[in-house]
Amino acid sequence: ICIVGDSRAATVSHDYGLMFIDGNHNYDNVKTDTERHWDKLHTGGIAVYHDYLSHKWGPEHVGRFIDEWIDAGRAKKLGVCGTSVALEKK
């Protein structure tokens, strides 16, 4: 599935094993994108987020949300490549 635009308006009728999030990078939008689609991601599925380590966006926004999501036990960090991070859904 490819969602272009506001992910809140998207309707997804099937589950998937991979999601890549590169949307609006502020904390609230990353949280909304994740919460909106997380239940459709298979357990053991992979979520990749762009700009996790970006100096412009990551530490206060994408990075903070992802670290909180991991700390809450929702996902396991698989690795970081460039500014992106890959998570496995628990």
Side-chain angles (χ1 to χ4, degrees):
I1 181 169
C2 179
I3 300 168
V4 178
D6 190 341
S7 69
R8 294 172 294 181
T11 301
V12 179
S13 61
H14 62 280
D15 293 349
Y16 38 89
L18 172 70
M19 71 179 185
F20 178 81
I21 296 182
D22 182 18
N24 185 314
H25 292 75
N26 74 43
Y27 178 92
D28 290 332
N29 285 343
V30 175
K31 180 178 180 185
T32 297
D33 285 344
T34 301
E35 290 175 341
R36 174 100 166 93
H37 298 283
W38 194 256
D39 288 341
K40 291 289 187 180
L41 184 65
H42 299 288
T43 300
I46 306 300
V48 178
Y49 292 80
H50 188 245
D51 286 333
Y52 170 69
L53 293 179
S54 170
H55 293 293
K56 182 176 179 182
W57 295 109
E60 312 80 40
H61 299 285
V62 180
R64 180 168 62 103
F65 173 76
I66 296 301
D67 292 343
E68 289 173 1
W69 197 252
I70 292 167
D71 290 345
R74 305 293 306 268
K76 173 185 171 185
K77 186 188 299 183
L78 297 176
V80 176
C81 182
T83 64
S84 297
V85 63
L87 307 180
E88 178 183 357
K89 181 179 178 182
K90 290 186 173 183

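Between the side chains of Asn26 and Asp28, no donor N or O sits under 3.5 Å from an acceptor N or O.
Looking at every heavy atom in both residues, Leu41 comes nearest to Lys89 through O-NZ, 2.7 Å. Contact detail for Val48 and Ser84: the closest heavy-atom pair is CG1-CB, 4.3 Å. The nearest pair of heavy atoms linking Ile70 to Lys77 is CD1-CB, 3.8 Å. Between Lys90 and Thr43, the closest heavy-atom pair is C-CG2, 3.8 Å. Residue His25 comes nearest to His61 through the heavy atom pair O-CB, 2.9 Å, listed as atom of the first residue, atom of the second, then distance. Listed here is the closest heavy atom pair of Val30 and Val62: CG2-CG2, 3.8 Å.
Atom CG of residue Leu87 and atom OG1 of residue Thr34 lie 8.5 Å apart, to the nearest 0.5 angstrom. Distance check: Leu18 CG to Ile46 CD1 gives 7.5 Å after rounding to the nearest 0.5 Å.
For Asp15, there are no side-chain hydrogen bond (donor to acceptor under 3.5 Å, both in side chains) partners two or more places apart in sequence or in a different chain.
Residues Met19 and Trp38 meet the side-chain proximity criterion, which asks for heavy atoms closer than 4.5 Å. Taking the side chain as every heavy atom from C-beta outward, Asp71 and Arg74 never approach each other to under 4.5 Å. Counting heavy atoms from C-beta on, the side chains of Leu53 and Val85 never come closer than 4.5 Å.
Below 30°, between 30° and 60°, or above 60°: for His37 and Tyr16 the angle between ring planes is between 30° and 60°, a tilted geometry. Ring-plane geometry between Tyr49 and Phe65 is classed as tilted, the angle between the planes lying from 30 to 60 degrees on a 0 to 90 degree scale.
Atom NZ of Lys76 has 12 or fewer neighbouring heavy atoms from other residues, nucleotides or ligands inside a 6.0 Å radius.
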